[in-house]
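Written out below as structure tokens is the structure these notes cover.
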Amino acid sequence: MDILPRTFYERDTVLVAQDLLGKILVRKINNQILSGMIIETEAYKFGDPACHACKNITERNKGLFGEVGRAYVYFTYGNHYCLNAVARDLNTRSGGILIRAIKPIEGIEFMIANRRIQNLKTLTNGPGKLAQALQINNAQYGIDLTKEGELYITEGIKVKPEDIIATPRIGITKATENLWRFILKMPDY
DNA sequence: CTGTTGATCTGCT
DNA sequence: GCAGATCAACAGT
């Protein structure tokens, strides 16, 4: 499976968010492979009031201003890490895509052990849950997603435009009118 | 230095 | 459906 090239991330953040649906997120821990198909994303870009990087660069959000194709991880609500991919067209100052949900493919037993639950439905269907299942934390901040390593993204299935649902984003209080949350229709999930 | 807030999850009602 | 957990980053004093 081919790893997505850096040019994939050098486009408008909203476009990349849609294109990430159906791609495969791969996490390697020692020799254990964990992977899953990306089925839900949200786009955040510069000037967007709901985005961490809406105005000034700070210690936490500087990754969103850096090189595209890298991982941006942040900690919130005292309990949860969330995984983003940095992506923007080269005329924009910052932008990122929140990976909200994946469908587990490989290493499901390992994920269940990480999450200490039994219910498959709630294994990786939220940003914080997904990060916990894949053991993602600040150690993954800034990892290059375009190189084979402990965390990267590869080509997946082809997604038709009519299989993508756009809805308002979740858990924010500003700019809720932008339909920048994208869900992949999954007939068998 | 202090107070507030947040791209959430879980458990209980 | 709703409140509580829980803490780092941020902005203001």
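Every heavy atom of this structure was used, including side-chain atoms; hydrogens, water molecules and symmetry mates were not. None of these values were measured; they are calculated from a predicted model.
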Reading DNA chain B 5' to 3', what string of ( ), [ ], | and . shows its pairs, if Watson-Crick and G-U wobble pairs count only when both distances fall under 3.5 Å? ||||||.|||||.
With the sugar-phosphate defined as primed atoms, P, OP1 and OP2, and the base as all remaining atoms, what B/S/- string results for nucleotides 6-13 of chain B, 5' to 3', for protein heavy atoms under 4.0 Å? BBBSS---
CG of A/Asn84 to CD of A/Glu42: how many Å apart, nearest 0.5 Å? 9.5 Å
For A/Arg115 and A/Thr122, indicate whether the former's side chain and the latter's backbone hold a donor-acceptor pair under 3.5 Å. yes
Does the structure place the NZ or CZ of A/Arg169 under 6.0 Å from the centre of the six-membered ring of A/Tyr44, at an angle of no more than 45° from the ring's axis? yes
Once you round it to whole Å, what is the distance between P of C/dC7 and CG of A/Asn138? 14 Å
Measuring from atom OH of A/Tyr152 to atom CE of A/Met1, what distance do you get when rounded to the nearest 0.5 angstrom? 10.0 Å
Just by modelled atom types, is the A/Phe8 backbone N or O under 3.5 Å from a matching donor or acceptor in the A/Arg11 side chain? yes
A/Tyr141 OH to C/dA9 C1', straight-line distance once rounded to whole Å: 12 Å
Determine, using ring centers only, whether A/Tyr74 and A/His52 are less than 6.0 Å apart. yes
Value for CG (A/Leu64) from CZ (A/Arg93), rounded to nearest 0.5 Å, stands at 12.0 Å
Donor-acceptor under 3.5 Å (A/Asp89 side chain, A/Asn91 main chain): yes
